[in-house]
**Student:** 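Shown below is the structure under consideration.
Model, not experiment: these values are computed from the prediction.
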Amino acid sequence: MPQVIGVPKETAAGEKRVATVPEVVEKLIKLGFSVKVESGAGDPANCSDESYRAAGAQIVEGAAKLWAESDIVFKVCVPTAEEAGLMHEGQTLITFIWPAQNPELMQQLAARKVTVLAIDALPRMLSRAQKMDALTSQAGVAGYRAVIEAANAFGRFFNGQITAAGKVQPAKVFIAGAGVAGLAAIGTAASLGAIVRANDTRAEVADQVVSLGGEFVKVDFEEEGGGGGGYAKVMSEGFQQAQREMYAKQAREVDIIITTALIPGKPAPRLITAEMVKSMKPGSVIVDMAAERGGNCELTEPGKSVVKHGVTIVGYTDLASRLAKQSSTLYATNLFRLTEELCKTKDGVINVNMEDDAIRGLTVVKEGAITWPPPPLKLPAPPAAKPAMPAKAPKHGEASAPASATRTAVMFGIAALAFWFVGANAPAAFLGHFTVFVLAVFVGYMVVWNVTPALHTPLMSVTNAISSIIAIGALVQIAPPIMGGAVARPESWIHWLAWVGIALTAVNMFGGFAVTQRMLEMFRK
């Protein structure tokens, strides 16, 4: 019998998101499930009860009835103790749990003999898990919203302008942390015209920062900051001291600071001290995206926007919820992709397969038994290095000198003899043409074969110039100059060969310029 997916109304203060949207309800029904939504659950995200009904969902009055009638419950926020008490044996809950931070809730859920899939526990290093990664989708929304909040509090343009009333300097934005949220903030601030700088302990993100229009500010201390799973690790005291010095310098120079630094299972690292805040220009803004975990700024007040030392410090903990429609749609899509993995038979019944690495990592409670933390992932072993080829021993009687050097000397000797023979026996007029031919071959070889293969197509513009030399030579043969009052006409075979040369070089020249023009168009907006 098909299972029922229930979507209750979120009870957390100020939470506007909903766990699924009407567009995704239709897809869940196609997988064989029935969907029930608590009345009013989608109203804060502009998803009315009527739109859910039109998509095929059933509207249920009251949370208690919804929880009682659902086999699977989709939620956004961590369930409260009251909501956990509404669960019944055999039920499955899919939501954010943060099992390390909520041990008592884990015990309560296990006592209800339910199965819990924590969307925040997804093994993010698995490439096929990206479609289910709600942390990434919500962080992207939060990073975008952080820039919007900063712009609202800043009170000036982000981009520079020159008007009749005067010149407006562009805003300078510094972003601490270039994870998903940080990169979203970099792209948004750069698109608004600000001068964007960013820093991260992971050196590999520098190219991503630059590609989004930002400048990567490096700490003057060498230490790798990758902590696995896409997160940063706790750095050494030496690195942290150098990092604080860099942050202090940026605080004095920039107008806006957006902090995103978080380490799983630990309080947010303190990056911006009170002294740094005092050093900032009046009217500056700090948006602390880590406020929910204590904040990256020493003066942050979680959930509030305050002004201290003339600097506005935004510590909102609901940035993703402030774009409820967008974040709900992305989150609902993440849960739908997870449901596809749980219901590959498309019969409306999920199978929590503990042999699947992604599902095993998500599952923190299985039928009343706590299964968190999961075992280490079985990552594929790196390919074995190919054994080095043994050096070829010289054969008996073979000279010990490298064969290549000997071969080169012999070839030069033969070439010298050939040139001497031609010079001693060929007519004087031939020698001039022959010399030009040899030099042309040499120049062509050096121009084409010494260029990286990836650049051969752009090289067409250069080879067109070489082709023009051939065309000029052919034209000279077709219409030779008047010599001694008489027109010296070439032999017929030379005449026709010159025409063929002109035709071929014309194709190469015009074709080369056409291809080059098409390549240039690819890089024009």
Side-chain angles (χ1 to χ4, degrees), residues 139-200 205-206 208-217 246-261 271-272 276-291 295-297 299-301 304-327 524-525:
V141 176
Y144 173 89
R145 183 68 189 198
V147 177
I148 303 303
E149 294 293 342
N152 179 60
F154 185 46
R156 286 205 292 113
F157 295 140
F158 263 46
N159 64 322
Q161 295 186 16
I162 299 178
T163 68
K167 183 178 180 180
V168 179
Q169 295 292 339
K172 294 180 181 179
V173 180
F174 177 71
I175 297 172
V180 176
L183 291 174
I186 292 168
T188 305
S191 66
L192 290 175
I195 297 173
V196 184
R197 304 169 185 170
N199 168 261
D200 196 281
V205 304
Q208 300 176 46
V209 171
V210 174
S211 68
L212 290 170
E215 174 192 352
F216 187 79
V217 182
M246 183 270 289
Y247 283 152
K249 179 182 178 181
Q250 294 299 321
R252 292 191 297 269
E253 296 179 359
V254 302
D255 304 299
I256 296 170
I257 296 178
I258 298 176
T259 64
T260 70
L271 305 179
I272 308 299
M276 295 181 194
V277 176
K278 291 179 183 178
S279 70
M280 295 182 73
K281 293 174 284 189
S284 298
V285 178
I286 296 175
V287 179
D288 193 340
M289 295 185 64
N296 295 137
C297 177
L299 301 180
T300 297
E301 295 186 18
K304 299 179 181 179
S305 175
V306 297
V307 178
K308 296 184 179 181
H309 307 294
V311 177
T312 302
I313 304 174
V314 180
Y316 297 147
T317 58
D318 59 346
L319 290 172
S321 181
R322 288 171 179 256
L323 289 171
K325 178 65 174 180
Q326 183 70 75
S327 53
R524 293 195 180 104
K525 293 184 179 180

**Student:** Just checking Lys249: does its NZ atom have more than 12 heavy atoms from other residues, nucleotides or ligands closer to it than 6.0 angstrom?
**Tutor:** no

**Student:** For a 4.5 angstrom cut-off between non-hydrogen side-chain atoms, does Leu299 reach His309?
**Tutor:** yes

**Student:** Taking Asp288 for its side chain and Asn296 for its backbone only, find out whether a donor-acceptor pair lies under 3.5 Å.
**Tutor:** yes

**Student:** Can you give me the closest heavy-atom contact between Ala146 and Met289, atom names plus distance?
**Tutor:** CB-SD, 3.7 Å

**Student:** Quick check: closest heavy atoms across Val254 and Ser284, and the distance to 0.1 Å?
**Tutor:** O-OG, 4.0 Å

**Student:** Using atom types as modelled and distance alone, determine if a side-chain donor or acceptor of Thr259 lies under 3.5 Å from a backbone N or O of Ile175.
**Tutor:** no

**Student:** Keeping Thr300 on the side-chain end and Gly315 on the backbone end, is there a donor-acceptor pair under 3.5 Å?
**Tutor:** no

**Student:** Taking all non-hydrogen atoms of both residues into account, name the closest pair between Val311 and Met280 and its distance.
**Tutor:** CG2-CB, 3.9 Å

**Student:** Considering residues, nucleotides and ligands other than Phe154, do more than 12 of their heavy atoms fall under 6.0 Å from its CZ?
**Tutor:** yes

**Student:** To the nearest 0.5 Å, what is the distance between CZ on Arg252 and CE on Met276?
**Tutor:** 9.0 Å

**Student:** Looking only at heavy atoms, what is the nearest atom pair of Thr260 and Ala178, with distance?
**Tutor:** OG1-N, 4.5 Å

**Student:** Tell me which pairs pass side chain to side chain donor-acceptor pair (under 3.5 Å) where either residue lies in residues 312-321, with sequence neighbours left out.
**Tutor:** Glu15-Ser321, Asp318-Arg322

**Student:** What pairs with Phe158 under ring-ring contact (aromatic ring centres under 6.0 Å, His included), at least two apart in sequence or on another chain?
**Tutor:** none

**Student:** Closest heavy-atom contact between Cys297 and Ile286?
**Tutor:** SG-CD1, 4.2 Å

**Student:** What closest approach, in Å, do Val287 and Ala150 show between heavy atoms, and which atom pair accounts for it?
**Tutor:** CG2-CB, 3.7 Å

**Student:** Run through Ile258, Ile256, Asn152 and flag the one making a side chain to side chain contact (heavy atoms under 4.5 Å, CB included) with Val285.
**Tutor:** Ile256

**Student:** Distance-only check: which donor-acceptor pairs under 3.5 Å involve side-chain atoms of residues 181-199, not counting sequence neighbours?
**Tutor:**
from, atom 1, to, atom 2, distance (Å)
Thr188, OG1, Ala184, O, 2.8
Ser191, OG, Gly187, O, 3.2
Ser191, OG, Thr188, O, 2.7
Arg197, NH1, Gln250, OE1, 2.9
Arg197, NH1, Glu253, OE1, 2.8
Asn199, OD1, Tyr247, OH, 3.3
Asn199, ND2, Val217, O, 2.8

**Student:** Do Gln326 and Arg145 have side-chain heavy atoms sitting under 4.5 Å apart?
**Tutor:** no

**Student:** Using side-chain heavy atoms (C-beta onward) and a distance below 4.5 Å, is Phe174 in contact with Met246?
**Tutor:** yes

